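In what follows, a structure is listed as C-alpha cells, so that the remarks can point back to it.
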Amino acid sequence: MAVPLFAPRRVPAASAPEEPAASPTKKQRENTATAAPTSVRPMHTYAREAAALLLLASALYTVLALGSFEADPMRPEVMGPNWVGPVGEAFSSFFSGAFGIAAWTIPIELAVLSGPLLAGKPSRASVARFGGDIVVLVTLAALAHVAFPMATAFGASPLGGSVGELFGEVMRSLFSAIGSYIIGLTIVSLILVQRATFS
C-alpha cells in the first residue's frame, strides 16, 4: 500500500478535561489561617515606630516641663517644681518667655506628627510645616497679648511672651484689637485648612 508523501498531520485526540481542584477541607483552611507568617517586617517600619515613640516621649516631656515651670522676671528666686530637671527648665524658660501660653502648642504638634507614623502613613514633617508652626506660634502669642495684655502665665511671665508682646502691639496699632483677631485667626485657619487638605 502506497503512503502519500505529503500526508496531512493527524490531530491528536482531545485530552480529557482536567478535574477541578478539590476545595480545601475545613481542617486545611484552619491550618492555613493559624500558620505563622513567614514574611519579615521591613526595617523602615521599626524606624517609623521608633520615630513615633520619640515624638510621643518628647511631647510628654514638654508637657511636664511646661506644667511644672514658674518664673517671675522681677524675682529670680521664684521657681517651680521643675519635674523634668534643669533641661526642662531651660526649655520652658525659653519658650514660655518668648511665646507665653502659646508654647503649649509645641507638645500638641509633636503628638500630631507621631500619628501618621503609628498608622503607617507618610510622615507630615516638612520644612513648610515647620514654617507654618512658627507662624501659628507667633500669631497665637500675639493674639493672647492683644486679648489680655496684663495677664500672666507660668507664674508672673507675660501671657503672650516677649514675641507675642512685640507682634501684638504692632498688630493692635495697625489693625486695632478687633482687626487683629480677624487677621490673626484667618492666618491660623488658612494654615490649618491647608494641612487638612493636603494631609
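The structure displayed is predicted, hence computed values, not measured ones. Residues: numbered from 1 along the sequence shown.
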Original post:
After noting the C-alpha distance and the side-chain angles of Phe167 and Thr139, does the key distance pass the side-chain contact (heavy atoms from CB on, under 4.5 Å) rule?
Top reply: CA-CA 8 Å; Phe167 285 93; Thr139 305; over 6 Å; no

Original post:
Quick one: salt bridge (Lys or Arg N to Asp or Glu O under 4.0 Å) pairs with a partner in residues 176-185, sequence neighbours left out?
Top reply: none

Original post:
If you round to the nearest 0.5 Å, how far is CD1 of Ile134 from CZ of Arg129?
Top reply: 12.5 Å

Subject >> Qualifying salt bridge (Lys or Arg N to Asp or Glu O under 4.0 Å) pairs, either residue in residues 131-156, two or more places apart >> reply: Asp133-Arg195

Subject >> Plane angle bin for Phe91 and Phe95 - parallel if under 30°, tilted between 30 and 60°, otherwise perpendicular >> reply: tilted

**OP:** Indicate if Ile183 and Val146 have the same hydrophobic cluster label, given that clusters are the connected sets of ILVMFWY residues with side-chain heavy-atom separations under 4.5 angstrom.
**Re:** yes

Original post:
Atom CG in Asp72, atom OG in Ser157: separation rounded to 0.5 Å?
Top reply: 7.5 Å

Subject >> Nearest-0.5 Å distance, CG of residue Leu54 to CD of residue Glu49 >> reply: 12.0 Å

Original post:
For Leu118, which residues count as a side-chain contact (heavy atoms from CB on, under 4.5 Å) partner, sequence neighbours excluded?
Top reply: Ala52, Leu56

Original post:
In a check of side-chain contact (heavy atoms from CB on, under 4.5 Å) between Pro107 and each of Leu60, Thr62, Leu55, which one passes?
Top reply: Thr62

**OP:** Report the C-alpha separation of Phe69 and Ser93 in whole Å, then their side-chain angles, then the decisive distance to 0.1 Å, and conclude whether the side-chain contact (heavy atoms from CB on, under 4.5 Å) test is met.
**Re:** CA-CA 8 Å; Phe69 178 75; Ser93 176; 3.8 Å; yes

Subject >> From Glu165 atom CD to Leu159 atom CG, the distance as rounded to the nearest 0.5 Å >> reply: 11.0 Å

Original post:
Looking at CD of Glu89 and CD of Glu70, how far apart are the two atoms once the value is rounded to the nearest 0.5 Å?
Top reply: 11.5 Å

**OP:** Answer yes if Val135 and Leu143 sit in the same cluster of Ile, Leu, Val, Met, Phe, Trp and Tyr residues linked by side chain heavy atoms under 4.5 Å apart, and no otherwise.
**Re:** yes

**OP:** Give, for atom OG of Ser162 and atom NE2 of His145, the distance between the pair rounded to the nearest 0.5 Å.
**Re:** 11.0 Å

Original post:
If Ile, Leu, Val, Met, Phe, Trp and Tyr residues are connected whenever their side-chain heavy atoms lie under 4.5 Å apart, and connections chain through other members, are Phe130 and Leu113 in the same group?
Top reply: yes

